[in-house]
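Convention: sequence-line order gives letters A, B, ...; per-chain numbering from 1.
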Amino acid sequence: MADVSLRDVKKQFGALSVIKGVDLDVKDGEFCVFVGPSGCGKSTLLRMIAGLEDITSGALSIGGKDMTSVGPSERGVAMVFQSYALYPHMTVAENIGFGLKMTGHSKAMIAERTAAAAKLLQLEPLLQRKPGQLSGGQRQRVAIGRAIVRNPQVFLFDEPLSNLDAALRVQMRTELSKLHQDLKATMIYVTHDQVEAMTMADKIVVLSAGKIEQVGSPLELYHRPNNLFVAGFIGSPKMNFLTVNVTAGEGGKAVVSLPGATVVLDAGATTIAGGEMTFGLRPEHVDAKGKGDAQIQATVKLAEYLGSETLFFVTLADGSEMAVKADGLASQRPGDTITLGINAKACHLFNTDGTAVINGDLTR
Amino acid sequence: MFPTPIQKASPFVQAGYKLLLPLALFLWLLPLIGVAVTSVRPAGDLAAGNYFGIPSGFAGVENYTAVFRDSPIGLYILNSFKVTIPTVIGAVALSCLTGFALAVYKFKGNLILFFMFVAGNFIPFQILMVPVRDLTLKLGLYDTTMGLVLFHVAFQTGFCTLFMRNFIKGLPFALIESARVEGVSEWRIFRYIVLPLMRPAIAALSVLIFTFVWNDYFWATVLVQGQHAMPVTAGLNSLNGQWVAAWHLVSAGSIVAALPPVAMFFLMQRHFIAGLTLGATKG
Ligand SMILES: Nc1ncnc2c1ncn2[C@@H]1O[C@H](COP(=O)(O)OP(=O)(O)OP(=O)(O)O)[C@@H](O)[C@H]1O
Ligand SMILES: [Mg+2]
């Protein structure tokens, strides 16, 4: 078991800079998730930790030992590939035991560990099959089994669930979380599915274009995004953004003029410069019944009735658009007018450069 | 679906297909049929000028026994094996290694090295005739099966490397990476992961090189003179009389000589399995 730390790690593919300086500490036993849009460098960063890509500059240490230029075989990490990468000519049992066999462990020990892994992952009836005779979910479990028999210090996962169907993904998600609790190993997990990130992570690292945007627990990122990117990336449906005019009020208040209403936010110790800013409010924090500190009139443009909830896409007085998550009984139809209530405690305010000035954290 | 299954084509096309296919097959096999028929012709037919007509009688038994009685064809075939088998093993084994190195490792000049292997195939071997003969003479390998083996291995490795390198490139690279992360040494990755997956390629290439080297006539005549090292392709010539061409015997000898590559093909057939990497990645 070990912690992983990266110090100003950079990666360059020729002239292309893919990882632009990453500082990160993953604590021993932590479940850390890398999220970010496609092509932001999640896989590259993970492969750098595994040793499959050279580190152009910076330092990496695992369990306190410098691993910056150590080969992948000596890092004591296990990786589950996006494509599983099972050895097609070996049975499940051989696949699981291969690494141990090749590194000179005794037959008895390999058999014992393989049996334990198979039991944990419910692979016992499949041990004599070849990967070609397994379903996607079973292959995925074999890939995990191959990783756990080696008792690695650190597990690395690259989008292991991305090719499974929705039901299986939910099941594997809980199984992986359980595995983490059982093994208590450090795990680094790459995904671009934010539900996976929110449900599994102790710590989420949001990456964008090769840089860390924010590191924090799932709820921290949800309630207190540092910037527009994180605010827009975490949460589904996306946070609503409106360009608004802000003036500084008395006693640390920010007065935000929304289309057709004014809402006063508590800025706390932050000084508000005023002027044009970006106002952010999550769809689930808009009240479709009009309750709140301020009311706005809007017209329903589109409605999705999901049963448990209803999603309204509405147009405000100035033509800007917003998504609103209402309960499943809301009955407005497209074309209807709707009164939206805004809770001042849930509102976010961002500078023109995208950094957050006010985070409406409902947990406080 | 493309092409359209023949069962679904128009009756006209179906009839044409049924007529043309056997015809094309017959035309394709005509030379072979010619040789087969000649090999059972009595000697008199050829003297009488009956080269392509119906044989006047069946002389198969006489002709084939004559081949074994009148020429050391057994020795020739043995020589052919002594040349072909080491060549196949040498060229395929070498190219597995070169192919692996060129496909898996990134190093400076990788591509240039690869192109050099490929470029070797474009040298017409006729222009090598004199220098290679000189070289084998100087090395004391002239007129030995060893000389032929070495030359064939050197000359076939280029093509084999092209074949193997591209085959290994087609394997999922994640298999190699995943083994590396598991702490497996490079040699063991080659031995236990890449090599087993190369089985179809090895089988295909073995048959190809076997046939190629077995059928070689050019180098057999350039690098060998005496009976003791003569492969069967060159040796067949001795079945001709000093003054008259004994085509019926040469044909019978050719048929005998052609059997090993055919046997090799059927022997290797079960290894030509497609889809060996099935299940390596998520389907
Ligand atoms: N070997 C390479 N050579 C050059 N560029 C590369 C190489 N590998 C990756 N890249 C580039 O690096 C960037 C990051 O790639 P990476 O695979 O890490 O993205 P990702 O965040 O994992 O994306 P996804 O979510 O789609 O898997 C991409 O722009 C990609 O084009
Ligand atoms: Mg990726």
Residue B:F26 excluded, over 12 heavy atoms near CZ under 6.0 Å:
no
One option among A:K130, A:R146, A:R75 has the most heavy-atom pairs under 4.5 Å with chain B, and it is A:R146
Does CE in A:M109 sit with more than 12 non-hydrogen atoms of other residues, nucleotides or ligands closer than 6.0 Å?
yes
A:S73 vs B:V184 side-chain heavy atoms within contact, under 4.5 Å
no
Distance only, no hydrogens: is a donor on one side chain within 3.5 Å (strictly under) of an acceptor on the other, for B:S178 and A:Y84?
no
Tell me, yes or no, whether the heavy-atom count around B:M146 atom CE, taken from other residues, nucleotides or ligands under 6.0 Å, exceeds 12.
no
Straight-line distance of B:E182 CD to A:R150 CZ, nearest 0.5 Å
5.5 Å
For residues B:Y192 and A:Y87, determine if any side-chain heavy atom of one lies less than 4.5 Å from a side-chain heavy atom of the other.
no
Contact summary for A:A78 and B:V181, nearest pair of heavy atoms
CA-CG1, 4.0 Å
Contact leader toward chain B among A:T103, A:V77, A:L100, A:L52, where contacts are heavy-atom pairs under 4.5 Å
A:L52
In terms of heavy-atom contacts, does CZ of B:F81 have more than 12 from other residues, nucleotides or ligands at under 6.0 Å?
yes
Is it the case that over 12 heavy atoms from other parts of the model lie below 6.0 angstrom from the CZ atom of B:F266?
no
Distance from B:I189 atom CD1 to A:M102 atom CE, nearest 0.5 Å?
10.5 Å
For B:I112, I'd like to know if atom CD1 has over 12 heavy atoms of other residues, nucleotides or ligands within 6.0 Å.
no
Flag yes if more than 12 heavy atoms outside B:F218 fall under 6.0 Å of its CZ atom; otherwise flag no.
yes
Pairwise side-chain contact, A:R47 with B:E177, heavy-atom cut-off 4.5 Å (strictly under):
yes
